[in-house]
Q: 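My questions all concern the structure below.
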Amino acid sequence: QVPVVESGGGLVQPGGSLRLSCAPSESTFNIYTMHWYRQAPGSHREFVGLINGDNTNYGDSVKGRFTISRDNAKTTVYLQMNNVKPDDTAVYYCYAAVGPSPPGKWYWGQGTQVTVSS
């Protein structure tokens, strides 16, 4: 069983929006810190953003368009993608510290495909 699971990927038109989710597969676990990365075919894995407590930080290529947030129970982290571009096409991964108590252990999710195309 994969410790963290992404969902919400799919096909979206340029200028559209999509929301990805990342949650622990164990329902009693929390996410303490979480990074989003993405990897396009033939490219290196790229930092998208992170959330640590109430603090967020974003890569330059998505700043102003993508927003990371979490639910109050700290069980799910979201990546809201607005005004998407074809260059946003990639497999998106969460890399999260999860567990029953902080600081948690770090795990990669299996990835979810986002395709931006008309």
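The analysis underlying the following values was restricted to heavy atoms, covering all of them including side chains, and did not include hydrogens, waters or symmetry mates.
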Q: If I compare all heavy atoms of Gly8 with all of Leu18, which pair ends up nearest, and what's the gap?
A: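 The pair with the smallest heavy-atom distance is O-CG, 3.6 Å.
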Q: Hey, mind stepping through Asn30 and Thr75 against side chain to side chain contact (heavy atoms under 4.5 Å, CB included) and telling me if it holds?
A: CA-CA 5 Å; Asn30 293 326; Thr75 57; 3.8 Å; yes
Q: Between Val114 and Val116, is any pair of side-chain heavy atoms under 4.5 Å apart?
A: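 A side-chain contact exists here, since the closest heavy-atom pair is under 4.5 Å.
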Q: Side chains of Lys85 and Arg65, heavy atoms from C-beta outward: is any pair under 4.5 Å?
A: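 Yes, side chains in contact.
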Q: Any side-chain heavy-atom pair from Met81 and Thr67 closer than 4.5 angstrom?
A: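 A side-chain contact is absent here, since even the closest heavy-atom pair is not under 4.5 Å.
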Q: Using the rule that two of Ile, Leu, Val, Met, Phe, Trp, Tyr join whenever any of their side-chain heavy atoms come within less than 4.5 Å, decide whether Tyr58 and Leu20 are in one cluster.
A: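 Tyr58 and Leu20: one cluster.
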Q: Does any part of the side chain of Ser117, heavy atoms only, come nearer than 4.5 Å to the side chain of Leu11, both counted from C-beta?
A: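 Side-chain contact under 4.5 Å: yes.
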Q: Do Cys22 and Trp36 touch side chain to side chain, with heavy atoms closer than 4.5 Å?
A: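 Cys22 vs Trp36: side chains touch.
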Q: Does some side-chain heavy atom of Pro24 sit less than 4.5 Å from a side-chain heavy atom of Ile31?
A: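 Counting from C-beta outward, Ile31 and Pro24 do come under 4.5 Å.
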Q: Looking at every heavy atom in both Val5 and Ser25, which two are closest together, and how far apart are they?
A: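 That closest heavy-atom pairing would be CG2-CB, 4.2 Å.
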Q: For the atom pair CG (Asn57) and NE2 (His35), what is the distance rounded to the nearest 0.5 Å?
A: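 Reported value, rounded in 0.5 Å steps: 9.0 Å.
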Q: Do Thr33 and Trp106 have side chains that get closer than 4.5 Å, going by heavy atoms?
A: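 Answer yes - side chains close enough.
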Q: Could you measure the distance from the SG atom of Cys94 to the CD1 atom of Ile68? Nearest 0.5 Å is fine.
A: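 If I round to the nearest 0.5 Å, the distance is 10.5 Å.
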Q: May I ask you to decide if the ring planes of Tyr92 and Phe66 are parallel, tilted or perpendicular, using 30° and 60° as cut-offs?
A: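 Correct class here is tilted.
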Q: Using a 4.5 Å cut-off on heavy atoms from C-beta on, say whether the side chain of Glu6 contacts that of Gln110.
A: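 When only atoms from C-beta onward are counted, Glu6 and Gln110 do touch, with a gap below 4.5 Å.
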Q: With distance as the sole test, does Thr89 use its side chain to make a donor-acceptor pair with the main-chain N or O of Thr115 at under 3.5 Å?
A: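 Absent.
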Q: Roughly how far apart are Phe29 CZ and Ser101 OG, rounded to 0.5 Å?
A: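 Output value for this atom pair is 9.0 Å.
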Q: Grouping I, L, V, M, F, W and Y whenever their side-chain heavy atoms are under 4.5 Å apart, do Phe47 and Tyr95 come out in a common cluster?
A: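 They do share one cluster, since a chain of ILVMFWY contacts under 4.5 Å joins Phe47 to Tyr95.
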Q: Is there any salt bridge (Lys or Arg N to Asp or Glu O under 4.0 Å) pair reaching into residues 23-44, and which pairs are they, with sequence neighbours excluded?
A: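 Only Arg38-Glu46, Arg38-Asp88 qualify under salt bridge (Lys or Arg N to Asp or Glu O under 4.0 Å).
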Q: Check the hydrophobic clustering (I, L, V, M, F, W, Y; side-chain heavy atoms under 4.5 Å; chains of links allowed) and say if Trp108 and Val91 are grouped together.
A: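 As far as the 4.5 Å side-chain criterion goes, Val91 and Trp108 are connected within one cluster.
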Q: Hey, any chance Val48 and Tyr107 share a hydrophobic cluster, counting ILVMFWY side chains that come within less than 4.5 Å of each other, even indirectly?
A: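 Yes, Val48 and Tyr107 fall within the same hydrophobic cluster.
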Q: Applying the side-chain contact (heavy atoms from CB on, under 4.5 Å) criterion to Ser21, which one of Val77, Leu79, Thr76 satisfies it?
A: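 Only match with Ser21 under side-chain contact (heavy atoms from CB on, under 4.5 Å): Thr76.
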Q: Minimum heavy-atom separation for Ala90 and Gln113, please, with both atom names.
A: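 Closest pair (atom of Ala90, atom of Gln113, distance): O-NE2, 3.4 Å.
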Q: Between Tyr37 and Tyr93, does the ring centroid distance fall short of 6.0 Å?
A: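 No: the rings miss the under 6.0 Å criterion.
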